[in-house]
S.K.: 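Structure provided below as structure tokens; questions to follow.
Both counts, for ligands and for their atoms, begin at 1 and track the order of listing. The first residue in the sequence is number 1, and the count goes up from there.
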Amino acid sequence: MPEDRIDQLYIVTCTAPVNIAVIKYWGKRNEDLILPINSSLSVTLHQDQLKTTTTVATSRSFQEDRIWLNGKEEDVTHPRLQSCLREIRRLARKRRNDGDPCMDSAGLSQKVHICSVNNFPTAAGLASSAAGFACLVYTLARVFGIEGELSGIARQGSGSACRSIYGGFVQWIMGNKEDGKDSLAQQVEPETHWPELRILVLVASAERKPVGSTSGMQTSVKTSCLLKHRAESVVPGRMVKMIEAIRKKDFAAFGELTMQDSNQFHATCLDTYPPIFYLNHVSQQIISLVHRYNKHYGETRVAYTFDAGPNAVIFTLQQHVPEFVQVVQHFFPPETNGADFVQGLPVNCASLSEELKQSIGLEPVPKGINYIISTKAGPGPCVVKDPTQHLLSSDGFPKKMIAV
Ligand code: DP6
């Protein structure tokens with residue numbers, strides 16, 4: 001039994017991954033249910049490098065639902081958090097009423113304490129809402145004994161969270177029902193499918209806080225006709241091609257579609273009125289660098305994608321990682337001597353030829369990138385079996401305040 005029932009306290013801890021979209025979700029057709037205007041597809045990143053951990057406890061003694069995020073108590077009445085809690089409790093009640101008592105009725109009426117932390121600094125500007133809501137929903141489902149489809153609930157916390165419910169390569173099918181019942185995530189291929197695929201998160205030094213995705217996409221839906229064209233006429237075909245590229249492990253096709261889709265997403269941001277800029281001069285330099293690197297070799301060896309922030313996510317194959325990391329380090333010289341510049345999966349040393357440096361031929365941008373997280377595709381949410389890992393202690397309160 002992974003869960004522990006100690007003195008009326010029922011406690012479960014789970015972890016969930018971050019995902020990075022290669023076909024972007026941008027725009028909702030229903031704000032309350034979080035229904036998108038187009039399907040999207042992502043790669044789930046490995047939890048050894050990036051994950052959220054969440055502990056949920058229930059007890060008769062709890063007076064109210066409470067939540068602590070990264071060491072700080074937050075407002076539990078947040079509407080999206082309430083949507084997830086309501087939906088989980090509704091399903092638990094339904095199961096009990098259907099004569100499948102997974103939990104006693106006291107459990108159902110009990111309040112929850114939720115505590116959640118990320119293993120990466122919030123300051124890195126990595127999207128944490130996807131991993132956060134996926135982890136919340138997955139953990140609540142374990143507490144309330146709910147099995148089966150969870151992506152439709154995670155979606156109501158944050159759209160992209162529905163894709164973090166699965167590992168590997170995941171599509172979020174937009175669906176067409178008004179109630180959103182068919183707007184769900186689905187695994188395309190598991191994380192073991194393409195073992196050579198590597199992911200480098202280039203953590204940029206953000207200049208200012210960018211416009212959040214929720215409000216950014218609202219303005220785009222209202223004002224961008226390019227976004228409408230993209231959703232109706234571009235994404236459907238790209239989804240088919242992307243799934244095919246992944247199934248065939250065709251890196252050139254996968255990489256080109258990934259870059260084109262990132263560029264089109266940022267074009268819709270520029271087409272938004274007033275325009276939204278997520279790419280800065282460092283992002284532009286990374287884009288040029290990738291294209292020049294690929295041109296030098298006459299093939300697509302590396303691909304970039306950018307979300308609603310300045311970090312670049314690079315896809316490549318294992319054999320190209322050492323040299324490409326050297327290229328990044330050369331054109332974005334770090335502050336120190338390069339120690340700790342690369343974190344995560346170990347990267348072998350490589351030397352850079354003068355010919356390659358010259359053929360890229362860009363002016364270096366010192367300190368443009370803070371550090372690199374080297375990772376790969378990984379599994380979906382997991383239950384943490386070790387009870388010492390619970391974030392709440394036996395009194396149901398956070399064990400320690402973790403300042404991130
Ligand atoms: C650019 O899922 O953060 O990362 O549904 O409003 O919570 P809400 O938005 P969110 O949007 C993610 C946008 C994106 C692209 C993507 O992940 O598909």
S.K.: Considering only heavy atoms of F265, which atoms of ligand 1 have at least one such atom less than 4.0 Å away?
M.R.: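 Here the atoms of ligand 1 in question are 1 (C).
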S.K.: Is the distance between the ring centroids of F254 and F315 under 6.0 Å?
M.R.: yes
S.K.: Within the 4.0 Å heavy-atom shell around G159, which atoms of ligand 1 are there?
M.R.: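 Atoms satisfying the 4.0 Å criterion: 2 (O), 5 (O), 7 (O), 8 (P).
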S.K.: Would you mind telling me if ligand 1 is within reach of the side chain of I34, the backbone, both or neither, using heavy atoms under 4.0 Å?
M.R.: side chain
S.K.: In Å, rounded to the nearest 0.5 Å, how long is the span from CZ of R292 to CG of L356?
M.R.: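 Rounded to the nearest 0.5 Å, the CZ-CG separation comes out at 12.0 Å.
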S.K.: Distance-only check: which donor-acceptor pairs under 3.5 Å involve side-chain atoms of residues 231-243, not counting sequence neighbours?
M.R.:
| residue | atom | partner | partner atom | Å |
| --- | --- | --- | --- | --- |
| E232 | OE2 | K228 | NZ | 3.0 |
| R238 | NH1 | D261 | OD1 | 3.0 |
| R238 | NH1 | Q264 | OE1 | 3.4 |

S.K.: Below 4.0 angstrom from a heavy atom of R80, which ligand 1 atoms are there? Numbered from 1 as shown, please.
M.R.: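 In order of number, 6 (O), 7 (O), 8 (P).
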S.K.: Atoms of ligand 1 less than 4.0 Å from S158 heavy atoms?
M.R.: 2 (O), 3 (O), 5 (O), 7 (O), 8 (P), 10 (P)
S.K.: Of all residues at least two apart in sequence or in a different chain, which pass the side chain to side chain donor-acceptor pair (under 3.5 Å) check with Y25?
M.R.: K28
S.K.: Is there a polar contact, in the sense of an N or O pair closer than 3.5 Å, between T214 and ligand 1?
M.R.: yes
S.K.: Test your reading of the structure: does S160 have an N or O sitting under 3.5 Å from an N or O of ligand 1?
M.R.: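 S160 vs ligand 1: N/O contact under 3.5 Å present.
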S.K.: Does R163 reach ligand 1 with a nitrogen or oxygen that is under 3.5 Å from one of the ligand's nitrogen or oxygen atoms?
M.R.: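 So ligand 1 has an N or O lying under 3.5 Å from an N or O of R163.
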S.K.: How does A21 reach ligand 1, if at all, at less than 4.0 Å between non-hydrogen atoms: by side chain, backbone, both, or neither?
M.R.: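 The part of A21 near ligand 1 is the side chain, not the backbone.
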S.K.: Going by the atom numbers of ligand 1, which of them fall below 4.0 Å from some non-hydrogen atom of K28?
M.R.: 5 (O), 6 (O), 8 (P)
S.K.: For the CG atom of L33 and the CZ atom of R155, what is their distance to the nearest 0.5 Å?
M.R.: 6.0 Å
S.K.: Verify whether one side chain among T13 and H390 offers a donor that lies under 3.5 Å from an acceptor in the other.
M.R.: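 Yes, a side-chain donor-acceptor pair sits under 3.5 Å.
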S.K.: Assess the side chains of Y297 and E323: does a donor N or O sit below 3.5 Å from an acceptor N or O?
M.R.: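 Short answer, yes.
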S.K.: Quick one: which of S158, S164, S116 gives a side chain to side chain contact (heavy atoms under 4.5 Å, CB included) with F133?
M.R.: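 Single pass found, and it is S158.
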S.K.: Between ligand 1 and A308, is the shortest N or O to N or O distance under 3.5 Å?
M.R.: no
S.K.: Inspect the contact between E74 and K72 and indicate whether a charged nitrogen and a carboxylate oxygen are less than 4.0 angstrom apart.
M.R.: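 E74 and K72: salt-bridged.
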S.K.: Using a 4.0 Å heavy-atom cut-off, say whether S213 meets ligand 1 through its side chain, its backbone, both or neither.
M.R.: side chain
S.K.: Under 4.0 Å between a Lys/Arg side-chain N and an Asp/Glu carboxylate O for E244 and R247?
M.R.: no
S.K.: Looking at ligand 1, would R155 count as a contact under a 4.0 Å heavy-atom criterion?
M.R.: no
S.K.: With a cut-off of 4.0 Å, which atoms of ligand 1 are near a heavy atom of M217?
M.R.: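 That gives atoms 9 (O), 11 (O) of ligand 1.
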S.K.: Heavy-atom distance to atom 18 (O) of ligand 1: which of Y25, W172, Y278, F133 wins?
M.R.: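 Selected option, by shortest heavy-atom distance: Y25.
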S.K.: Report yes if some N/O of W26 lies less than 3.5 Å from some N/O of ligand 1; otherwise report no.
M.R.: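 It does not: no N or O of W26 is found under 3.5 Å from an N or O of ligand 1.
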